[in-house]
**Student:** 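Sending over a structure as structure tokens; questions will come in a sec.
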Amino acid sequence: ADIMLGVIKTNIDSWVSALRLSKDDSRALYVNCAQALGSCTRKPKTAARESYRLKLKALATFDKGNCDSGVDIAAQVVSEFLASKELFRFDFFQSPVVQALKSSPEHKALFDMLDAYLNGTVNQFAQFLKNGGAQVVSKVGLSEEEAPTKMRLLALAGLANNRSSLTFDEVSTSLEVPTSDVEDIIVKAIGKHLLEAKINQLNETVVISKCYPRKFEDEEWKNLQADMKQWRSTIKHILE
């Protein structure tokens with residue numbers, strides 16, 4: 001596996017196209033390579049990132065007609081995302097195979113936690129924990145302190161998306177933390193590359209230049225399309 005790590009990273013995409021693999025065969029290649037990298041000892045973090053990337057590629061090969069066979073893979077990917085202290089965006093929430101987790105008695109709680117992380121608020125996540133979600137948190141490998149911390153960072157990304165500035169009071173209310181803790185959370189979000197922002201301590205505001213969204217799917221593509229049309233119109237006006 002240590003020898004194959006570099007080979008897989010460099011070549012797997014070209015293997016799929018060169019061998020003209022079907023979706024089923026591509027999926028088999030992605031999944032088997034991902035599993036093989038699980039035994040890497042020389043660069044375990046690099047191997048784990050590549051394994052996660054390959055499993056995401058496997059998810060992309062499923063459609064509504066063949067989701068049942070991919071539920072376990074989807075559950076693995078979702079669990080890794082939920083447990084990670086470095087991953088803060090998930091672009092496969094609308095994927096049919098991920099949505100299939102909602103109908104699975106075994107994995108429904110996992111889906112609910114993902115839904116809370118990507119679409120919910122801090123308050124909604126707290127309700128999830130009270131309604132039995134603490135068991136899921138423990139199952140994916142997060143502590144009772146780590147899960148709310150990640151939720152606050154994700155909620156901050158949701159709050160800051162498409163905003164040019166935020167007040168400390170807005171952040172405090174949305175994240176349900178004292179105003180005195182807001183600056184630390186903003187700094188942590190900047191350190192995790194969720195935001196590019198500047199803190200104005202005097203005015204207790206945050207000026208946002210870039211925000212890393214919690215997910216990037218149909219709605220985000222539509223927003224980007226609208227932005228690009230506006231930019232195009234503005235540039236045309238400037239040229240004239």
**Student:** Charged N to carboxylate O below 4.0 Å: is that the case for D184 and K188?
**Tutor:**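 K188 and D184: not salt-bridged.
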
**Student:** Do the numbers put K150 on top of the ring of F81, so that NZ or CZ is under 6.0 Å from the six-membered ring centre and no more than 45° off the axis?
**Tutor:**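 Geometry flag: set, cation within 6.0 Å and 45°.
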
**Student:** When you measure from the side chain of S14 to the backbone N and O of N11, does any donor-acceptor pair fall under 3.5 Å?
**Tutor:**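 Flag set: sc S14 to bb N11 pair under 3.5 Å.
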
**Student:** Under a single-linkage definition using a 4.5 Å side-chain heavy-atom cutoff for Ile, Leu, Val, Met, Phe, Trp and Tyr, are V177 and L194 assigned to the same hydrophobic cluster?
**Tutor:**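 Yes, V177 and L194 fall within the same hydrophobic cluster.
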
**Student:** Using atom types as modelled and distance alone, determine if a side-chain donor or acceptor of S172 lies under 3.5 Å from a backbone N or O of F168.
**Tutor:**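 Judged by distance alone, no pair lies under 3.5 Å.
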
**Student:** Is it true that D112 and K102 make a salt bridge, defined as a side-chain N closer than 4.0 Å to a carboxylate O?
**Tutor:**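 Answer for the salt bridge query: no.
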
**Student:** Would you call E170-R163 a salt bridge at under 4.0 Å N-O?
**Tutor:**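 Answer for the salt bridge query: yes.
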
**Student:** Less than 4.5 Å apart, any side-chain heavy atom of W15 and any of V7?
**Tutor:**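 They are in contact (side-chain heavy atoms under 4.5 Å apart), so the answer is yes.
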
**Student:** Keeping the roles fixed (side chain from E240, backbone from H237), state whether a donor-acceptor pair exists under 3.5 Å.
**Tutor:**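 No, because the side chain of E240 does not come within donor-acceptor range (under 3.5 Å) of the backbone of H237.
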
**Student:** In terms of hydrophobic clusters joined by side-chain contacts under 4.5 Å, are L114 and L87 together?
**Tutor:**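 They do share one cluster, since a chain of ILVMFWY contacts under 4.5 Å joins L114 to L87.
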
**Student:** So that I can tick it off, tell me whether R53 and E50 are bridged by a salt bridge, with the cut-off set at under 4.0 angstrom between side-chain N and carboxylate O.
**Tutor:**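 Between R53 and E50 there is a salt bridge, with a charged N closer than 4.0 Å to a carboxylate O.
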
**Student:** Take K57 and D13, measure what side-chain contact (heavy atoms from CB on, under 4.5 Å) needs, and give me the verdict at the end.
**Tutor:** CA-CA 10 Å; K57 282 183 164 291; D13 294 322; 3.1 Å; yes

**Student:** Going through the distances and angles, do R89 and D91 end up as a salt bridge (charged side-chain N to carboxylate O under 4.0 Å, His left out)?
**Tutor:** CA-CA 7 Å; R89 194 175 89 188; D91 293 343; 3.1 Å; yes

**Student:** Just wondering, are more than 12 heavy atoms of other shown residues or ligands nearer than 6.0 Å to CD in E146?
**Tutor:**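 Atom CD in E146 is packed in, count exceeds 12.
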
**Student:** Under 4.5 Å between side-chain heavy atoms, counting indirect links through other Ile/Leu/Val/Met/Phe/Trp/Tyr residues: same cluster for F216 and L159 or not?
**Tutor:**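 Result: no, two separate clusters.
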
**Student:** Report the distance from atom CE of M228 to atom CH2 of W231, rounding to the nearest 0.5 Å.
**Tutor:**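 Answer for the CE-CH2 pair, M228 versus W231, is 6.5 Å.
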
**Student:** Hey, what do you get for NZ (K215) to CG (L154), rounding to the nearest 0.5 Å?
**Tutor:**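 Answer rounded to 0.5 Å: 12.0 Å.
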
**Student:** I8 vs C33, test: side-chain contact (heavy atoms from CB on, under 4.5 Å). Steps then yes/no.
**Tutor:** CA-CA 7 Å; I8 290 172; C33 285; 3.9 Å; yes

**Student:** Is the backbone N or O of S22 less than 3.5 Å from a side-chain atom of S26, with the two atoms forming a donor-acceptor pair by type?
**Tutor:**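 Judged by distance alone, yes, a pair lies under 3.5 Å.
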
**Student:** Would V77 end up clustered with F92 when hydrophobic side chains under 4.5 Å apart are linked, directly or stepwise?
**Tutor:**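 Linked within one cluster.
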
**Student:** Take L129 and M113 through the side-chain contact (heavy atoms from CB on, under 4.5 Å) test and state the conclusion after the steps.
**Tutor:** CA-CA 9 Å; L129 293 177; M113 184 172 173; over 6 Å; no

**Student:** Looking at V71 and A100, what are the two nearest heavy atoms and their distance?
**Tutor:**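 Nearest heavy atoms, V71 then A100: CG2-CB, 4.1 Å.
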
**Student:** Distance-only, no hydrogens or angles: does the T173 side chain make a donor-acceptor pair with backbone N or O of D169 under 3.5 Å?
**Tutor:**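 The answer is yes, because a donor-acceptor pair under 3.5 Å joins these two groups.
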
**Student:** Please name the pair of heavy atoms, one in A74 and one in L59, separated by the smallest distance, quoted to 0.1 Å.
**Tutor:**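 Of all heavy-atom pairs spanning A74 and L59, the closest is CA-CD2, 3.7 Å.
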
**Student:** Start with the C-alpha distance between Q99 and Q94, add both sets of side-chain angles, then the distance that settles side-chain hydrogen bond (donor to acceptor under 3.5 Å, both in side chains), and finish with yes or no.
**Tutor:** CA-CA 6 Å; Q99 289 291 316; Q94 293 177 343; over 6 Å; no

**Student:** Looking at every heavy atom in both V206 and A197, which two are closest together, and how far apart are they?
**Tutor:**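 Here V206 and A197 meet closest at CG1-CB, 3.7 Å.
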
**Student:** Any ion pair linking E80 and K55 (charged N to carboxylate O, less than 4.0 Å)?
**Tutor:**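 Salt bridge flag = yes for E80 with K55.
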
**Student:** Rounded at 0.5 Å granularity, tell me how far OH in Y52 sits from OG in S84.
**Tutor:**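 Here the rounded value is 7.5 Å.
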
**Student:** Give the intermediate values and the outcome of side-chain contact (heavy atoms from CB on, under 4.5 Å) for residues V97 and C67.
**Tutor:** CA-CA 5 Å; V97 70; C67 288; 4.3 Å; yes

**Student:** With a 6.0 Å cut-off on ring centres, are Y212 and F88 close enough?
**Tutor:**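 No: the rings miss the under 6.0 Å criterion.
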
**Student:** For A58 versus Y30, what's the shortest heavy-atom pair and its separation?
**Tutor:**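 Taking every non-hydrogen atom into account, N-CD1, 3.8 Å.
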
**Student:** Taking L202's backbone N and O only, do any of them form a donor-acceptor pair with N200's side chain (distance below 3.5 Å, no angle check)?
**Tutor:**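 Yes; judged by distance alone, with no hydrogens or angles, the pair exists.
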
**Student:** Hey, quick one: are L82 and L56 part of the same hydrophobic cluster, counting side-chain heavy atoms closer than 4.5 Å, chains of contacts allowed?
**Tutor:**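 Shared cluster, yes.
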
**Student:** Working to the nearest 0.5 angstrom, can you tell me the gap between N32 CG and L37 CG?
**Tutor:**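 N32 atom CG to L37 atom CG measures 11.0 Å (nearest 0.5 Å).
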
**Student:** Heavy atoms only: give me the nearest L101-V78 pair and the separation to one decimal.
**Tutor:**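 For L101 versus V78, the nearest heavy atoms are CD1-CG2, 3.8 Å.
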
**Student:** Any chance you could measure I208, atom CD1, to N162, atom CG, to the nearest 0.5 Å?
**Tutor:**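 It comes to 10.0 Å.
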
**Student:** Under a 4.5 Å cut-off applied to non-hydrogen side-chain atoms, are I190 and E196 in contact?
**Tutor:**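 When only atoms from C-beta onward are counted, E196 and I190 do not touch, as no gap falls below 4.5 Å.
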
**Student:** Can you give me the closest heavy-atom contact between A147 and V137, atom names plus distance?
**Tutor:**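 Closest approach of A147 to V137: CB-CG1, 3.7 Å.
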
**Student:** Keeping the roles fixed (side chain from N161, backbone from A157), state whether a donor-acceptor pair exists under 3.5 Å.
**Tutor:**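 No; zero donor-acceptor contacts below 3.5 Å.
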
**Student:** Do we get R214 above Y117's six-membered ring, with its NZ or CZ under 6.0 Å from the centre and within 45° of the axis?
**Tutor:**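 Not satisfied by the 6.0 Å and 45° rule.
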
**Student:** Report yes or no: does S51 contribute a side-chain atom to a donor-acceptor pair with the main-chain N or O of A34 at less than 3.5 Å?
**Tutor:**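 Yes; judged by distance alone, with no hydrogens or angles, the pair exists.
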
**Student:** Judged by atom type as modelled, is there a donor-acceptor pair below 3.5 Å linking the side chain of D115 to the main-chain atoms of F111?
**Tutor:**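 Checking the backbone N and O of F111 against the side chain of D115, no donor-acceptor pair under 3.5 Å is found.
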
**Student:** Would you indicate whether the side-chain heavy atoms of T121 and S174 approach each other to under 4.5 Å?
**Tutor:**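 No, too far: nothing below the 4.5 Å cut-off.
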
**Student:** Just how far is it from atom CZ of R27 to atom OG1 of T61, taken to the nearest 0.5 Å?
**Tutor:**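 OG1 of T61 is found 3.5 Å from CZ of R27.
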
